[in-house]
Amino acid sequence: MSADRSPGGSGNVGPACLAGRMTEEFLSGTMGNPWESTTLALVEEAVRKAAASEIMPRFRRLAEHEIVEKNGPHDLVTVADRSAEEHLTASLTALLPGSVVVGEEAVHADPAVYEAIRGDVPVWIVDPVDGTRQFVHGAPGFCTLVALARHGEVLASWTYAPALDEMAVAVRGHGARVDGAEVRPGAPEPGRVLQVAMSHPDFTTPQEKRALLALRTEGVHSRPCGSAGLEYLAVARGELDGIAFSWENAWDHAAGLLLVEEAGGTDLTLTGERFRITGGNALPFTAARDAATARLIHELLVSGAE
C-alpha cells in the first residue's frame with residue numbers, strides 16, 4: 001500500500017513535516033488568513049489571562065522576599081515572572097499540541113532548554129515580564145512577550161503591556177497591528193534628529209561600548225533603553241526611530257523584531273547581517289523603523305567599533 005500523501009493523511013510524513021503542517025494550520029485556521037481565524041485571539045487571551053492572574057495582582061504589591069537578584073542588581077526576577085511563565089507554558093502548549101516553551105526563567109534554571117529554538121518543533125519564546133526592574137519599582141513600562149517560532153524563524157508575536165492595556169500582534173507576511181489597528185511608521189522626517197534607545201554602555205564589552213558611544217553624535221539623540229519589548233513597540237509605531245542592543249537573548253528580541261519587520265522596518269547586526277534568534281550575532285545590532293535609518297545607525301555602530 002502506498003503512503004497517504006493527501007492533505008489530510010499522515011502516511012510516511014515525518015515528524016518535522018507534521019510539525020510544520022500543524023504550525024501553518026494553527027496560524028491560518030480554516031480561513032487561510034490569520035487575522036480572520038480564531039488562533040491569534042486565543043493566544044492573545046492566554047497572554048491576557050496570564051497577566052491578569054499572575055502579574056497585575058502583584059504590581060506595586062511585591063514583598064521584599066518576592067524579588068531576587070539573578071546575576072546582579074540590574075537582573076531581577078520576581079514571583080510574578082516565575083508564575084506567569086508557568087501559566088503561559090501550560091496554556092500555550094495546550095493551544096498547539098507538540099509545541100514547547102523556551103522561557104527566560106526556564107533557561108535560567110536549565111540553559112539546555114534554549115536549544116529547542118534550533119529544533120524542528122514549534123517553539124513558544126516567552127519573556128513573562130520584560131522590564132522587571134520597572135515592574136519592581138511600580139512603573140508601568142513593562143510587558144509580556146510571546147513569539148511563535150520554528151527552525152529559528154519567528155512566525156508570529158504578541159507584545160502585551162498590561163499596565164497600559166496595549167496589545168501588539170504581528171504575523172509573518174501579514175503585517176502588524178496594535179490594539180487591532182495596522183501600524184506602518186514609515187521613515188523619519190528628513191533632517192530631524194533621530195531618536196534612538198540603546199543598551200547602557202556600562203554593561204557591555206569594550207568594543208560594544210565604543211560602538212554604542214558612536215551614537216552620541218550630531219543628528220542622533222540616544223538614551224538608555226527601558227523594556228526592550230516596549231522599545232520595539234515604539235519603533236513599530238514611529239514614536240522611536242531605532243534601537244541598538246548589545247545582548248541577544250531570544251525572549252527579549254524575537255517578538256519585537258517581527259513586530260518592527262512587519263510594520264515596515266528592518267534590523268542589522270554589526271556585520272550587516274539580519275539578527276538570528278538562534279544566536280551567534282555580531283553585536284551590537286540595530287532595528288529601525290525603515291531601512292535607511294537602520295543603515296545609518298549600523299554605519300555609526302561600525303565606525304565606533306573599529
Atom CG of Asp252 and atom CD of Glu231: how far apart are they, to the nearest 0.5 Å? 12.0 Å
Honestly curious: do Ile297 and Leu257 fall in one hydrophobic cluster under the side-chain, below-4.5 Å linking rule? no
Has Ser157 got a side-chain atom pairing as donor or acceptor with Ala255's backbone, closer than 3.5 angstrom? yes
Below 4.0 angstrom, N of the basic side chain to O of the carboxylate: do Arg295 and Glu299 qualify? no
Test your reading of the model: is there a side-chain donor-acceptor pair from Glu248 to the backbone of Leu283, 3.5 Å cut-off? no
Can you see which heavy atom on Val171 is nearest to which on Leu40, and at what distance? CG2-CD1, 3.7 Å
For Asp130 and Ser227, the nearest pair of non-hydrogen atoms, with its separation, is OD2-OG, 2.5 Å
Donor-acceptor pair, distance only, cut-off 3.5 Å: does the side chain of Asn249 make one with the backbone of Trp251? no
Checking Trp124 side chain against Thr89 main chain: does a donor-acceptor pair fall under 3.5 Å? no
Atom of Phe59, atom of Ala163 and distance for their closest heavy-atom approach: CE2-CB, 4.1 Å
Specify the closest pair of heavy atoms between Ile125 and Ala254, including all atoms of both residues, with the distance to one decimal. CD1-CB, 4.0 Å
Heavy-atom side-chain proximity of Leu240 to Arg223 below 4.5 angstrom: yes
Separation of Asp267 CG from His298 NE2 (nearest 0.5 Å): 11.0 Å
State whether a side-chain donor-acceptor pair under 3.5 Å links His87 with Glu54. no
Measure the shortest side-chain to side-chain distance between Tyr160 and Glu44 over non-hydrogen atoms and say whether it is less than 4.5 angstrom. no
Do Val102 and Val126 come within less than 4.5 Å of each other through their side chains, counting heavy atoms only? no
Atom CE of Met198 and atom OG of Ser222: how far apart are they, to the nearest 0.5 Å? 4.0 Å
Are the side chains of Phe275 and His253 in touch, meaning some heavy atoms are under 4.5 Å apart? yes
Mind checking the OG1-NE2 spacing from Thr278 to His151? Nearest 0.5 Å is all I need. 12.0 Å
Decide yes or no for Val169 and Trp35: does some side-chain heavy atom of the first lie under 4.5 Å from some side-chain heavy atom of the second? yes
In terms of side-chain geometry, is the basic nitrogen of Arg82 or Glu86 positioned less than 4.0 Å from the acidic oxygen of its partner? no
Rounding to 0.5 Å, atoms CD1 (Ile243) and CZ (Phe285) come to a distance of 4.5 Å
Once rounded to the nearest 0.5 Å, what's the spacing between atom NZ of Lys209 and atom OG of Ser246? 12.0 Å
Ignoring hydrogens and geometry, is there a side-chain-to-backbone donor-acceptor pair from Arg289 to Gly238 under 3.5 Å? yes
A side-chain contact here means heavy atoms from C-beta on lying under 4.5 Å apart; do Pro284 and Leu270 qualify? yes
What heavy-atom pair brings Leu148 and Pro122 nearest, and what distance separates the two atoms? CD1-CB, 4.2 Å
With a 3.5 Å cut-off and no angle check, do the side chains of Glu273 and Thr271 form a donor-acceptor pair? yes
Would you check if Ser99 and Val123 make a side-chain contact, meaning some heavy-atom pair closer than 4.5 Å? no
Ion pair check, Glu153 and Arg172, cut-off under 4.0 Å: yes
Which heavy atom of Ala291 sits nearest to which heavy atom of Thr266, and what is that distance? CA-CG2, 3.8 Å
Glu261 with Arg274: basic N within carboxylate O range, under 4.0 Å: yes
Look at the side chain of Arg150 and the backbone N and O of Asp120, then say whether any donor-acceptor pair between them is shorter than 3.5 Å. yes
Any ion pair linking Arg237 and Glu166 (charged N to carboxylate O, less than 4.0 Å)? yes
Run the salt-bridge test on Arg58 and Asp81 with the 4.0 Å N-O cut-off and return the result as yes or no. no
Member of Leu296, Leu215, Thr217 meeting the side-chain contact (heavy atoms from CB on, under 4.5 Å) criterion with Leu194: Leu296
Do any side-chain atoms of residues 176-187 form donor-acceptor pairs under 3.5 angstrom with protein atoms, and if so which ones, sequence neighbours left out?
{"unit_1": "Asp179", "atom_1": "OD1", "unit_2": "Met167", "atom_2": "N", "d": "2.9"}
{"unit_1": "Arg184", "atom_1": "NH1", "unit_2": "Glu262", "atom_2": "O", "d": "3.2"}

Any salt bridge linking Arg118 with Glu115? Criterion: basic side-chain nitrogen under 4.0 Å from a carboxylate oxygen. yes
With side chains defined as the heavy atoms from C-beta onward, is the minimum distance between Val101 and Thr93 less than 4.5 Å? yes
Does either side chain, that of Asp241 or that of Gln195, offer a donor lying less than 3.5 Å from an acceptor on the other one? no
